[in-house]
Student: 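Here you go, one structure.
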Number of protein chains: 2
Amino acid sequence: MASQTEENYLKALFNLANPAGEVNISELANQMNVSMPTVNSMVKTLQKNGWVIYQKYKPVQLTPEGQKTAALVIRQHRLTEMFLVNKMGFGWEEVHAIAEQVEHIHAPKFFERMDELLGFPTIDPHGSPIPDKMGRIKETHYVCLDTCEAGQTVVLAALTNSSTEFLEFLNSRNLSLGTQITIHSKETYDQSMVVSYLQNERETLSEKVCEKLLVRIIGE
Amino acid sequence: MASQTEENYLKALFNLANPAGEVNISELANQMNVSMPTVNSMVKTLQKNGWVIYQKYKPVQLTPEGQKTAALVIRQHRLTEMFLVNKMGFGWEEVHAIAEQVEHIHAPKFFERMDELLGFPTIDPHGSPIPDKMGRIKETHYVCLDTCEAGQTVVLAALTNSSTEFLEFLNSRNLSLGTQITIHSKETYDQSMVVSYLQNERETLSEKVCEKLLVRIIGE
DNA sequence: CAATTTTGTTAGATTAATCTAACTTTATAC
DNA sequence: GTATAAAGTTAGATTAATCTAACAAAATTG
């Protein structure tokens, strides 16, 4: 059984993997906020446990078992976030830090009860997909708002970043998942967009914000 | 901040303390399932952190800060048990193992929300008192069923032991907190009691069971 | 393509939590 | 009140997770 530390490395590997499933030691060190030698020795441990494939000076890759273990921790994290928001009244900006701890609890029934009470949700409060009990993830195909064009109508579906600061920014602008947004114009100079939604008739969203918003296009 | 391991030692000290607040190294070793040298070194660590008073060859004692820290972990444990039973549909025999993990989460708001959602309970599903936010415990004064006499009517209020096996035994006999019990006779030979409650007209409870049941006397 | 920079590895130390073996102090018991 | 038993301590080792310093390989770049 993976230790909490090992689970955190597996999660990081899962999230950092490029299309080929590879992660560099330095990327992992950076993500985990530890030194490269620490990652080097941890990767050897993960390999001994059958969770990664690794050869000196090569990038690391999760094995299928490593992927499944990682996905199940991510499942517990996202179910927890959903439970905190939908059943305990927390704001979407408050739940990450708590879920980082709860995700490591070893008690399958605990998370199965959450899942049931929530009605088997498929996405978390930030729009990220919740892996199923087998660790499979249903891929979603949203587009990034910054690739959309003036005239289109879209619905906010997910975020590529869920930092507290960004979530508080979205709260301050009354933006939440499901909000229907109409794109009025796109500034070629700085890629900012003028949009409207709900009561907001004319809101400007910077490129920095637009590139973090994933949407479904529903019109034009 | 206490590590999970330290929190577990503080809890054990809190629970093992005799009326003078003292705990022997061997008792603690036994409770924690570790060797005496391990306890010896851990007790020195706890002392460095100001949680215990300790002198070579003397029993250990929690300081007021140690007591408060322990009580707050116990608070989190008991609130969690109550939440699992009352809000998530678990049986009282299922919650201990999960609460042992959840109690170590460092997120005051998480437990405050549980407390609110539960309506600020003062006892857990096994009748044990829930310490308040300051770590204070409201002392309850129940009597042990084995000290009761034939003819008395009592209400089951708490348990002195909450092992899964004992809880499953109580389930099998339809006994739960709040059940009103009438004592018909007490066998002087083996201290067993013949009692009635609910639909059960004639149930025999062994001494081993009676000594684990705490009751409020309500009649005769 | 040689020089430099970046990335990765090895070696060795540290801290927390644990162990066993050996020794010491305190308690128990004739 | 000494002998034995029980309880407690010390010393030294182990494992997991981390670090820094020094070195090696790979990538970048003039």
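So you know, we letter chains A, B, ... as the sequences are listed, proteins then strands, and number each from 1.
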Student: Looking only at side-chain N and O atoms, does A:Lys58 come under 4.0 Å of OP1 or OP2 in D:dA26?
Tutor: no
Student: Establish, with yes or no, whether the OP1 or OP2 oxygen of C:dT10 is under 4.0 angstrom from a side-chain nitrogen or oxygen of A:Lys44.
Tutor: yes
Student: For B:Arg78, is there an ion pair with B:Glu81 - N to carboxylate O distance below 4.0 angstrom?
Tutor: no
Student: Ignoring the backbone of B:Met42, work out which of D:dT18, C:dA17, C:dC19 is nearest its side chain.
Tutor: C:dA17
Student: Side-chain contact, heavy-atom cut-off 4.5 Å: A:Leu213 with A:Val154?
Tutor: no
Student: Taking 4.0 angstrom as the limit, do A:Lys109 and A:Glu112 come out as a salt bridge?
Tutor: no
Student: Taking only the side-chain nitrogens and oxygens of A:Ser26, find out if one of them lies under 4.0 Å from OP1 or OP2 of C:dT6.
Tutor: no
Student: Which of residues 97-106 of chain A sit near DNA chain D, with a heavy atom under 4.0 Å from it?
Tutor: none
Student: Whole Å only: how far is the CE atom of B:Met1 from the C1' atom of C:dA16?
Tutor: 15 Å
Student: What's the CD-C1' distance between B:Glu27 and D:dG8, to the nearest Å?
Tutor: 13 Å
Student: Between D:dG12 atom P and B:Asn40 atom CG, what is the distance in whole Å?
Tutor: 15 Å
Student: Hey, does the side chain of B:Ser41 come within less than 4.0 Å of C:dT18's phosphate (OP1/OP2), counting only N and O?
Tutor: no
Student: How do A:Lys56 and A:Gln4 order along DNA chain D: which one's closest nucleotide is nearer the 5' end?
Tutor: A:Gln4
Student: Kindly say if B:Ser35 contacts the phosphate of C:dT18, meaning a side-chain N or O under 4.0 Å from OP1 or OP2.
Tutor: no
Student: At a heavy-atom distance below 4.0 Å, what parts of residues 6-22 of chain B sit against DNA chain D?
Tutor: none
Student: Among the nucleotides C:dT18, C:dA21, C:dT10, which one has an atom lying closest to any side-chain atom of B:Thr5?
Tutor: C:dT18
Student: Over how many whole Å does the gap from B:Met36 atom CE to C:dC19 atom P extend?
Tutor: 12 Å
Student: If you check every side-chain atom of A:Val34, which of C:dT24, D:dT18, C:dT18 has the closest atom?
Tutor: D:dT18
Student: List the steps and the verdict of salt bridge (charged side-chain N to carboxylate O under 4.0 Å, His left out) for A:Lys68 and A:Glu65.
Tutor: CA-CA 5 Å; A:Lys68 184 176 174 182; A:Glu65 308 87 78; over 6 Å; no
Student: Evaluate the side-chain hydrogen bond (donor to acceptor under 3.5 Å, both in side chains) criterion for residues B:Asp124 and B:Trp92: first the C-alpha distance (whole Å), next the side-chain angles of each, then the deciding distance (0.1 Å), finally the verdict.
Tutor: CA-CA 10 Å; B:Asp124 78 8; B:Trp92 66 349; over 6 Å; no
Student: Nearest-Å distance, CE (B:Met32) to C1' (D:dG8)?
Tutor: 18 Å
Student: Quick one: B:Gln55 CD to C:dT26 P, roughly how many Å, whole number?
Tutor: 12 Å
Student: Can a side chain N or O of B:Thr38 be found less than 4.0 Å away from OP1 or OP2 on C:dA17?
Tutor: no
Student: Would you kindly give the CG-to-P distance between B:Asn30 and D:dA6, to the nearest whole Å?
Tutor: 15 Å
Student: Specify the separation, in whole Å, of atom OH of A:Tyr57 and atom P of D:dA25.
Tutor: 5 Å
